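Below is one structure, written out as structure tokens; comments come after it.
Because the structure is predicted, anything quoted here is derived from the model rather than measured. Here is how names work: the chains are called A, B, and so on, in the same order as the sequence lines, proteins then strands, and each is numbered from 1. All heavy atoms count here, side chains included; hydrogens, waters and symmetry mates do not.
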Protein chains: 2
Amino acid sequence: MKTTLQIEKPFFTVDSVLFTMQENELKVLMVKRAEPPFEGRLGLPGGFIDISIDQDTDMTARRKLMNKTGLNPNYLEQLQVISGAHRDPRGFSVTLAYYALVAHQIVKPHIASVEEARWISVNELSKFAIAFDHQHIIELALQRLQQKTLYSMIPVFCLPQKFSITQLMTVIEAIIGKPIQRKSLMRRIEASEMFDISDEKISSGGRSAHLYTLKQDADIFNFERNLGA
Amino acid sequence: MKTTLQIEKPFFTVDSVLFTMQENELKVLMVKRAEPPFEGRLGLPGGFIDISIDQDTDMTARRKLMNKTGLNPNYLEQLQVISGAHRDPRGFSVTLAYYALVAHQIVKPHIASVEEARWISVNELSKFAIAFDHQHIIELALQRLQQKTLYSMIPVFCLPQKFSITQLMTVIEAIIGKPIQRKSLMRRIEASEMFDISDEKISSGGRSAHLYTLKQDADIFNFERNLGA
DNA sequence: CCAATAGTGTCTGTGAGACAGTATGAG
DNA sequence: CTCATACTGTCTCACAGACACTATTGG
């Protein structure tokens, strides 16, 4: 069946949902589309794979994010493939969606200069007209992030290298949308063995807090029970 | 940048890792490749998306499985995309891998007739020369299945509609590779509220066992703690 | 001193592990 | 009856939730 290769090929793109923590809110990076379809609307940063540059799709995702924000996310993972005949007016399309996390302060200086890109709070997304089914993809990414937050420490990748327990607690609560016990979080920091406690401290109006850092070699530890259930 | 679309496109294929339970062993469906590359070797069932037939990639996976085994799996979920320049000798390729589960007895009558397809025990896979990086993909699928087995009841999709607790226990133990407590499993069957207990029984040399069925409307329940940790 | 934030001590609750004990079928 | 397999009772243990209590900073 040498004919197999003659079948018409779908579009194949890679898009990323990049999250960060800014002003106690969980935000997503959106870019204003410069061309049709959906010209002028907000959409996810992404595009076509370039097999002359990209070694694999992870590289494509990172390269496209670099073009928009000037940096590599601290965490990047495949979300899922979304496909169908009607999600892109140009025809059948296949998109591989990623979700990613960065510390806000590092990204801030870059964005404005590069291109029309902005951080939008996940709570305010519904106020905008979003291109394609990207609204839905963000929904999926958020659900996955929430789930993973219940049994791992990934939210640290939204924070700077040195962070306090309160900062981590705030991100987690922003992600899962409800309060957690500080005590439980401290137990997990201990048990995961992923962090070093630095001697530096940060203060914000009361007793000053210890700062923690991710160990260099640290694997992401998965707990056997969920938080906040 | 209308030039974007002129970028050379990669191959895009869909492959599935179909698991079942047979003779107390976890098995994977492999097909003998009829064409190069890797002609004559065993590989995963899959192929190119046909946008004139398939509404999305799930359909592609189901269609390809139907061609090999004559049936729809009870459970089908995306695993991940694997991509790279060197995994297919014909050039840069992108594969969307699925994993799927079926009850063995239903599939049995179909396979031999359709094509050169066979069930291989996951423990004996290393004895064969497998096409592409499919060995690796199976590894990934198994890891995901193991993880998911710790906090859900998906292994039931390897069983017939009516099944006993012992059968379910056997599948789970085959998947995760270690014994679990019958008592814990019974607690989960209760708590999940996913099953009806039928009045039928099955016997195998001792006291006869109750048979259970999945409720028609049942969602897959996710537990907050892992099993067998 | 007080207010505010950080961190500890410790009790309760839940669900898994372990395993002895009881029930029910076949011969 | 005995044997094999199915199921129950119940204890322990690990870890999350709750929340009062102590510690440390700035004013």
For B/Glu193 and B/Lys215, what are the C-alpha separation, side-chain angles and deciding distance, and is it a salt bridge (charged side-chain N to carboxylate O under 4.0 Å, His left out)?
-> CA-CA 8 Å; B/Glu193 296 186 314; B/Lys215 284 182 184 165; 6.0 Å; no
Are side-chain heavy atoms of A/Met59 and A/Ile49 found at a separation under 4.5 Å?
-> no
Nearest nucleotide by nearest heavy atom, which residue falls closer to the 5' end of DNA chain C, B/Glu224 or B/Arg207?
-> B/Glu224
Report the C-alpha distance between B/Asp58 and B/Tyr98 in whole Å, list the side-chain angles of each, state the deciding distance to 0.1 Å, and finish with yes or no for side chain to side chain donor-acceptor pair (under 3.5 Å).
-> CA-CA 8 Å; B/Asp58 288 28; B/Tyr98 278 81; 2.4 Å; yes
How long is the line joining CD of B/Gln167 and C1' of D/dA6, in whole Å?
-> 13 Å
Note: for B/Phe223 and A/Gly206 on DNA chain C, the residue whose nearest nucleotide lies more 5' is A/Gly206
Is the shortest side-chain N/O distance from B/Thr166 to OP1 or OP2 of D/dA6 below 4.0 Å?
-> yes
Backbone N/O of B/Val81 and side chain of A/Gln78: donor-acceptor pair under 3.5 Å = yes
Starting at the 5' end of DNA chain D, which residue's closest nucleotide do you reach first, B/Ile165 or A/Gly205?
-> B/Ile165
Looking at A/Phe223, is A/Arg188 sitting on its ring face, NZ or CZ under 6.0 Å from the six-membered ring centre and within 45 degrees of the normal?
-> yes
Would a 4.5 Å heavy-atom cut-off, applied to side chains only, mark A/Ile165 and A/Met186 as touching?
-> yes
Do you see a donor-acceptor pair shorter than 3.5 Å between the side chains of A/Thr213 and A/Ser198?
-> no
Which residues, if any, of residues 195-204 of chain B bring a heavy atom under 4.0 Å of DNA chain C?
-> B/Lys201
Between A/Gly228 and A/Arg225, name the one whose nearest nucleotide on DNA chain D is closer to the 5' end.
-> A/Arg225
Chain B reaches DNA chain C, atoms under 4.0 Å from its heavy atoms, from C/dT14 to C/dG25
Which atom pair, heavy atoms only, marks the closest approach of A/Lys178 to A/Gly228?
-> NZ-O, 2.7 Å
For the pair A/Ser83 and B/Asp56, evaluate side chain to side chain donor-acceptor pair (under 3.5 Å) and give the outcome as yes or no after the intermediate values.
-> CA-CA 5 Å; A/Ser83 59; B/Asp56 57 24; 5.0 Å; no
Could you tell me the separation between the CD atom of B/Glu190 and the C1' atom of D/dT8, rounded to a whole number of Å?
-> 12 Å
Counting only N and O atoms by type, is there a donor-acceptor contact under 3.5 Å from the side chain of A/Ser16 to the main-chain atoms of A/Leu18?
-> no
Polar side-chain atom of A/Ser152 near backbone of A/Thr149 as donor-acceptor pair, under 3.5 Å = no
Using a cut-off of strictly less than 4.0 Å between a heavy atom of the residue and any atom of DNA chain D, enumerate the qualifying residues of residues 176-189 of chain A by number.
-> A/Gln181, A/Lys183, A/Ser184, A/Arg187, A/Arg188
